[in-house]
Amino acid sequence: MDHAIVIGASIAGLLSAAALHRRYARVTVIDRDTLPAADAHRRGVGQSRHAHGLLARGREVMDELLPGLTAELVAQGALMGDLQSRARWIHDGQTHARAESGLIGLSVSRALLEGQIRRRVTALPGVRVLADRAVTSLLADQGRVGGVRLAGGDPMPADLVVDASGRGSRTPYWLAELGYERPAEERVTIDLRYGTREFRRRPHELDGDLVLVVAPTAEIPRGGVALALEGDRWIVTMAGYAGKGPELPLQRFAAFAETLPAPDLAQLITVAEPIGEPRSYHTPASVRYRYERLSRFPEGLLVVGDAVCAFNPFYGQGMSVAALEAKALLDPDLRPLPFFRRITKVLDAPWDIVVGGDLRLPGVEGELTPKIRMINAYLGRFHAAAAHDADLARRFLRVSNLMDAPPSLMSLGALLKVFRNGAPRALPALV
């Protein structure tokens, strides 16, 4: 048969198809949405109109799967720049020190990014993308998935099915129908509500920076980002935890910006010209399904993207993690449980970053372990030191951009620098 099916034409699904076309003669991507012909937002991606972060590692992997993608996006107006010298990072109220980091970021709208990926994937030999089609169930026999059934009853056989259908994934239910155990679910309730407005961008604004990130603090559980986009635009997204997000009328939106842990975003909104319609969005929780812990799983079925781990979107990790999961599909071994164990190595670091960061905020529901408390205490001192030490700031960027593992922030060299920069209390024990 030599046929693979991908459920969902999300970025995770499209990148999965880009990987699978190297292994299968035919790849079919199925999506319930009407897919736009041009670069436009679509109904099935509710957060599409909000700021999206593309991390350095994610951009690199997308270029591996679709060579030349970055250059094509830049030719259409996306902006590139060093993520330390052309970006302003404010953590725990501290603005990180500047330098050239060698980490190249790409600032681009979700609509343009997804549109260009879809054009590239659709043009790949043997790949077809079917819109306005819904998958209702799996075709399975004797412990193996052999395709899908579409709405209306039509079967579509395949050697491999990859579920990239997002937070609404039906795989846990399908497993139960087939007599398998459902995966354990880890959930951190955040009740994150955010709002977005766009503004005209002038070159002198933010002193030429392309990115501004004001992260929430334990005392002020609100944050915001501004990203330079194609078409001389700023996209500004602000968010609040425990259901306390920004209101969208401009005056109230600006007032919310004034409550953030740093004034930079409020200063931008004050001088920039608003354009377009504002939008709001709600993310109730970060959710991870622990497929790798199952003892049995049907052959011929894999799960990627938000369908396996849906992060707090404020951290901007989802698209980059999806790219890394798609790259894992190039491995010769596509048996389900070995695949899930491989992508666990991809997921663990960003999941720990998100969960650890969120659990220090009031109103977030989850298990705040002694280890997370100690790491958060250390990071508070780390950010204070990174305001004066460009090397520490670069180390943090490399971790948050999925280039290095989190323990690199606690190397002997980093610990000495944090200690020398005047921590008010003794460093916590690291276990």
Side-chain angles (χ1 to χ4, degrees), residues 8 10-12 44-48 50-55 57-58 91 110 163-172 182-196 213 215-218 221-225 237-245 280-293 303-325 340 343-369 371-373 375-376 379 399-402 405-406:
S10 61
I11 286 180
V45 186
Q47 76 277 28
S48 176
H50 305 274
H52 277 68
L54 179 54
L55 306 181
R57 183 60 181 145
H91 293 274
R110 170 66 183 250
D163 179 5
S165 60
R167 287 179 178 258
S169 167
R170 301 289 297 172
T171 291
R182 292 172 57 131
E185 176 185 315
E186 292 183 10
R187 175 180 292 265
V188 178
T189 300
I190 55 177
D191 193 10
L192 186 75
R193 296 182 183 270
Y194 51 104
T196 295
V213 175
T217 68
R222 298 180 290 280
V225 300
T237 295
M238 295 188 294
Y241 288 76
K244 298 176 182 178
S280 62
Y281 195 72
H282 176 224
T283 298
S286 298
V287 182
R288 182 175 181 182
Y289 292 99
R290 306 304 301 234
Y291 286 105
E292 78 281 4
R293 296 178 180 173
V303 190
V304 299
D306 281 1
V308 67
C309 186
F311 297 94
N312 176 347
F314 190 80
Y315 290 78
Q317 296 173 316
M319 296 190 300
S320 297
V321 170
L324 289 163
E325 291 171 342
F340 290 134
I343 66 170
T344 292
K345 298 176 182 178
V346 172
L347 291 168
D348 280 348
W351 179 253
D352 288 347
I353 290 170
V354 168
V355 170
D358 283 348
L359 285 177
R360 67 197 173 101
L361 305 178
V364 173
E365 298 177 15
E367 184 184 0
L368 184 58
T369 65
K371 179 179 178 179
I372 292 175
R373 289 180 187 275
I375 290 173
N376 284 339
L379 287 176
V399 170
S400 60
N401 277 269
L402 307 183

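- Contact of the Ile11 side chain with the Arg110 side chain is registered, since non-hydrogen atoms from C-beta on lie closer than 4.5 Å.
- By the 4.5 Å heavy-atom criterion applied to side chains, Arg167 and Thr283 are counted as neighbours.
- Residues Pro313 and Tyr194 have side chains in contact (heavy-atom distance under 4.5 Å, counting atoms from C-beta outward).
- The two residues Ala405 and Val399 come nearest to each other via the heavy atoms O-CG2, 3.6 Å.
- The NE2 atom of His50 sits 6.5 Å away from atom OG1 of Thr237, with the distance rounded to the nearest 0.5 Å.
- Looking only at side-chain heavy atoms (C-beta outward), Leu359 and Thr369 stay at 4.5 Å or farther from each other.
- Nearest heavy atom pair, residue Asn376 against residue Gly357, reads OD1-N, 4.5 Å.
- In terms of heavy-atom proximity, Ala12 sits nearest to Gly305 at CB-CA, 3.9 Å.
- Rounding to the nearest 0.5 angstrom, the gap separating the CG atom in Leu379 from the NE2 atom in His91 is 10.0 Å.
- Between the side chain of Ser286 and the backbone N or O of Val355 there is no donor-acceptor pair closer than 3.5 Å.
- Below 30°, between 30° and 60°, or above 60°: for Phe340 and Tyr291 the angle between ring planes is below 30°, a parallel geometry.
- In terms of heavy atoms, Ala310 sits closest to Trp351 at O-CZ3, 4.4 Å.
- At a threshold of 4.5 Å between non-hydrogen side-chain atoms, the residues Val303 and Glu325 do not count as touching.
- Distance check: Phe311 CZ to Ile353 CD1 gives 9.0 Å after rounding to the nearest 0.5 Å.
- Nearest heavy atom pair, residue Leu361 against residue Pro216, reads CD1-CB, 4.2 Å.
- For the residue pair Ala218 and Pro221, the shortest heavy atom distance occurs at O-CD, 4.5 Å.
- Between the OG atom of Ser320 and the OH atom of Tyr315 there is a distance of 15.5 Å, given to the nearest 0.5 Å.
- Side-chain contact between Asn401 and Arg57: absent, with no pair of heavy atoms (C-beta onward) separated by less than 4.5 Å.
- Remark: Glu292 CD to Lys345 NZ distance equals 12.0 Å, nearest 0.5 Å.
- A distance of 8.0 Å separates CG in Leu347 from CZ in Arg290, rounded to the nearest 0.5 Å.
- Looking at heavy atoms from C-beta onward, His282 lies in side-chain contact with Asp191 at the 4.5 angstrom threshold.
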